[in-house]
Amino acid sequence: MAEQVQMLQSKIEDESKVLQTLQREMQKYVEGRQKLIEQSHENEMVKKELDLLEPEAKVYKLIASVLVSQTLQESKENVSKRLDFIGKEFKKVEDLIKENTNKQIAKKTSIQKMQEQLYQIVQAYQQSLNK
Amino acid sequence: MSQQQEEQKAIPLDKLTPQQLLQIKKQIEEEVQQLSQSLSQFRIANAKYDESKVILKRLDQTPKDNDLLVPITASLYVPGRLINPQSVMIDYGTGYFVERNIEQGQHFCDRKLQLLKESQDKLSNIINQKKQFMDKLNIELQKRMLQVQQNQQQQQQQKK
């Protein structure tokens with residue numbers, strides 16, 4: 001019985017460590033997702049403002065401490081591309097989050113089962129002592 | 001979403017233990033604090049855009065070729081001349097700047113202020129909803145405490 005108990009306990013420990021790693025991963029995913037949302041908002045606002053400009057408007061882009069002149073067309077395309085890219089990244093992160101959630105649920109279930117097994121073994125042993 | 005929360009918890013609100021109620025109350029309190037901080041950040045942004053509008057107005061009245069000092073660093077200024085008071089450079093975000101005249105600059109500030117106001121109103125609503133939920137929690141907690149007191153009194157009377 002002691003062997004069984006030890007085995008179960010070390011398995012539970014291992015699974016718990018994996019669970020913790022999953023949780024830390026999840027934290028990073030959620031942070032990344034939040035940043036993407038912020039970037040998406042900012043780019044959407046810029047797109048709306050650019051749409052209000054007349055075609056001759058002087059647009060500049062800040063490229064490493066230098067304001068470089070751009071055409072309105074270029075800027076609009078650039079912002080659209082950025083928004084598309086952010087959209088794709090967002091979907092990736094959402095899929096990763098979903099996957100991670102499922103993995104966490106599976107791990108928690110397996111840990112719970114092992115804990116129940118452990119409890120039953122200990123119970124059975126104590127009962128056999130009481131007889 | 002907070003309505004859902006209320007319904008999810010209003011139904012078993014009676015069935016939650018006092019500890020759980022306290023836990024939820026703490027959580028909501030933290031949320032309200034964070035949201036209130038965001039609200040004050042909104043007010044700061046509001047003040048900045050208002051200030052920009054005032055500056056634009058003053059710029060409009062400043063004559064061309066006006067002498068001024070241009071900051072090169074935080075403590076180094078160089079004398080200069082205002083060549084075109086009608087033209088302003090606006091930071092649109094994500095590294096894009098647009099040259100506009102003063103009136104267009106003021107319209108830009110107005111639009112931003114409008115966006116800020118809408119967001120602020122939404123945020124205020126959410127904060128109020130959470131505060132209302134907290135009031136409900138407090139009422140429930142008080143009920144429990146009263147029950148406990150009554151139970152204790154009953155027990156004492158039975159012992160006599």
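Below, read A as the first sequence line, B as the second, and so on, with proteins coming before strands; counting in each chain starts at 1. Because the structure is predicted, anything quoted here is derived from the model rather than measured.
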May I ask you to check whether over 12 heavy atoms, not counting those of E118(B), lie within 6.0 Å of atom CD? yes
Determine the minimum heavy-atom distance between L53(A) and L72(A), stating which atoms define it. O-CD2, 3.7 Å
Greatest number of heavy atom pairs closer than 4.5 Å to chain B - which of [options]:
options	value
K48(A), Q70(A), K58(A)	K58(A)
V59(A), L50(A), V68(A)	V59(A)
M45(A), E42(A), E49(A)	E49(A)

Below 4.5 Å from any heavy atom of chain A, which atoms of I90(B) appear? Answer side chain, backbone, both or neither. neither
Whatever's closer than 4.5 Å to a heavy atom in chain B on Q39(A) counts as neither
Electrostatic pair [X]:[Y] at N-O distance under 4.0 angstrom:
X	Y	value
R144(B)	E140(B)	yes
E54(A)	R100(B)	yes
D135(B)	K131(B)	no
E99(A)	K103(A)	yes

Name the atoms and distances for all side-chain donor-acceptor pairs under 3.5 Å in residues 44-58 of chain B, with sequence neighbours left out.
{"unit_1": "N46(B)", "atom_1": "ND2", "unit_2": "Q120(B)", "atom_2": "OE1", "d": "2.7"}
{"unit_1": "S52(B)", "atom_1": "OG", "unit_2": "K48(B)", "atom_2": "O", "d": "3.1"}
{"unit_1": "K53(B)", "atom_1": "NZ", "unit_2": "D110(B)", "atom_2": "OD1", "d": "2.4"}

With distance as the sole criterion, is a donor-acceptor pair present between the side chains of N100(A) and Q104(A) under 3.5 Å? yes
Interface residues of residues 74-93 of chain A facing chain B - heavy atom cut-off under 4.5 Å: S75(A), N78(A), V79(A)
